[in-house]
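Structure, as structure tokens:
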Amino acid sequence: MRNLVLLGGGYGNMRILLRLLPNNLPKDVQITLIDRAPHHSLKTEFYALAAGTTPETHMRVPFPEHERLTIVYGEVVNIDRANKAVVLEDGKEINYDELVVGLGCEDNYHNVPGAAENSLSIQNMAKSRKAYDAISALPAGATVGIVGAGLSGIELASELRESRADLRIKLFDRGPRILKTFPERLSKYVKKWFDKHDVDVIANSNITKVAPKALYNHEDQIDVDLIVWTAGIQPVKVVRDMGLENVYGRVAVNQYMQVPVDTSVYVVGDCAASQFGPSAQLAEEQGEQIVTTLKRVWANEPLPEKMPDIKLKGFMGALGKKQGFVYLADTTVTGRIARLMKSGLLWMYKNQNG
Ligand SMILES: Cc1cc2nc3c(=O)[nH]c(=O)nc-3n(C[C@H](O)[C@H](O)[C@H](O)COP(=O)(O)OP(=O)(O)OC[C@H]3O[C@@H](n4cnc5c(N)ncnc54)[C@H](O)[C@@H]3O)c2cc1C
């Protein structure tokens, strides 16, 4: 039996499983999925876990079941390409014929002194749980600093506002306006929501140092009680340690999502270099590309000369449980309808994968 090993049951590899199971797997191929968690985790909702508005149980989706799918729970510590093997923390080795690396990302602190030691994270479930515990323990009127006003920073700040009306929330944005690469109407809408709900957005910020209870914006010291870092990501360490060529910090891949020097290794999601910013949507589209390629490889057919370009639909963001924003096909939708669209998408995703 040929063994396709999927590292990480995230958005990219879940899409691969969805497409290959139940009927598209050739008879001589089996799949081994390796993840530390006994379920797929809805990472796009981790901000609500940290803010304490949605329980962790709502963020778990069972992995699929199939007679030719083996699920191994464990921590991947090494990817040994020379021997075509994956090494787990308990010493177990799993051999592969084809490998898809979809282990996601962790925070990138951009060498800011003290950032790693003194800030909390929402990049995985355990860390989000830790952030929740720390936020819940804050006394009335405490100040939370959130570094980074991308989608996850915005969603965390707004959800936290709904969760804890007493907190002072400071959101540090590197740009001159929030969501600066998107239409101004969207930025104004989000900024207005923050103004109305008393979230302090600090534009043009540059966090140069992080202390246990203070942030340094340029030279200015800003006292806070707790800090959450949402200002950049990089592939997890075990993937960085593979020593492969990287582009903008992510693993370089060819148009088939293969590592150019070793075409039996595919990379998906936040680990893979792309012209697009990392997102669950991108991971799923890359998963589709990998399935197209694998089917040809298994059938001994030549690969298409040119793979179809990946096209992303847009994005959706939540401002608490009632308001939101959507940017789809160059159209902006804001308010309650946008929030309902986002909830509907999540419902569909759970339904399709659960
Ligand atoms: C708060 C927040 C909100 C977001 N909102 C959106 C959004 O609205 N839309 C959007 O498109 N994207 C959003 N994203 C980004 C999106 O979540 C990621 O781009 C996406 O999860 C990447 O998918 P992936 O397949 O690369 O891996 P992931 O989904 O990150 O999964 C990686 C898997 O690998 C496992 N793993 C990692 N390391 C190991 C190891 N060493 N051993 C074993 N298992 C391991 C993990 O347990 C996990 O199951 C958001 C992210 C955050 C943090």
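Remember, it's 1-based here, ligands and their atoms both numbered in the order they're listed.
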Let me have the donor-acceptor pairs involving side chains of residues 248-255, under 3.5 Å, with sequence neighbours excluded, atom names and distances please.
{"unit_1": "R250", "atom_1": "NH1", "unit_2": "A272", "atom_2": "O", "d": "3.3"}
{"unit_1": "R250", "atom_1": "NH2", "unit_2": "S274", "atom_2": "O", "d": "3.4"}
{"unit_1": "R250", "atom_1": "NH2", "unit_2": "F276", "atom_2": "O", "d": "2.8"}
{"unit_1": "N254", "atom_1": "OD1", "unit_2": "Y256", "atom_2": "N", "d": "2.9"}
{"unit_1": "N254", "atom_1": "OD1", "unit_2": "M257", "atom_2": "N", "d": "3.3"}
{"unit_1": "N254", "atom_1": "OD1", "unit_2": "Q258", "atom_2": "N", "d": "2.9"}
{"unit_1": "N254", "atom_1": "ND2", "unit_2": "Q258", "atom_2": "OE1", "d": "3.1"}
{"unit_1": "Q255", "atom_1": "OE1", "unit_2": "M307", "atom_2": "N", "d": "2.7"}
{"unit_1": "Q255", "atom_1": "NE2", "unit_2": "E305", "atom_2": "O", "d": "2.8"}

query = Can you name the side-chain hydrogen bond (donor to acceptor under 3.5 Å, both in side chains) partners of T334, sequence neighbours left out?
reply = none
Sequence neighbours left out, cut at 3.5 Å: what donor-acceptor pairs do the side chains of residues 167-182 make with other protein atoms?
{"unit_1": "K170", "atom_1": "NZ", "unit_2": "D200", "atom_2": "OD2", "d": "3.1"}
{"unit_1": "D173", "atom_1": "OD1", "unit_2": "G175", "atom_2": "N", "d": "3.2"}
{"unit_1": "D173", "atom_1": "OD2", "unit_2": "I178", "atom_2": "N", "d": "3.3"}
{"unit_1": "R174", "atom_1": "NH1", "unit_2": "N206", "atom_2": "OD1", "d": "3.4"}
{"unit_1": "R177", "atom_1": "NH1", "unit_2": "F182", "atom_2": "O", "d": "2.9"}
{"unit_1": "R177", "atom_1": "NH1", "unit_2": "S187", "atom_2": "OG", "d": "2.4"}
{"unit_1": "R177", "atom_1": "NH2", "unit_2": "K180", "atom_2": "O", "d": "3.1"}
{"unit_1": "R177", "atom_1": "NH2", "unit_2": "F182", "atom_2": "O", "d": "3.2"}

query = Does some side-chain heavy atom of P304 sit less than 4.5 Å from a side-chain heavy atom of R296?
reply = yes
note = Those residues with a heavy-atom separation under 4.0 Å from ligand 1 are G8, G9, G10, Y11, G12, D35, R36, K43, T44, Y47, G74, E75, V76, G102, L103, G104, I122, Q123, L151, S152, E155, G269, D270, P278, S279, A280, Q281, A283, M316, K342
request  = For S279 and D270, work out which heavy atoms get closest and say how close.
outcome  = N-OD1, 4.0 Å
ask   = Charged N to carboxylate O under 4.0 angstrom, R129 versus E56?
value = yes
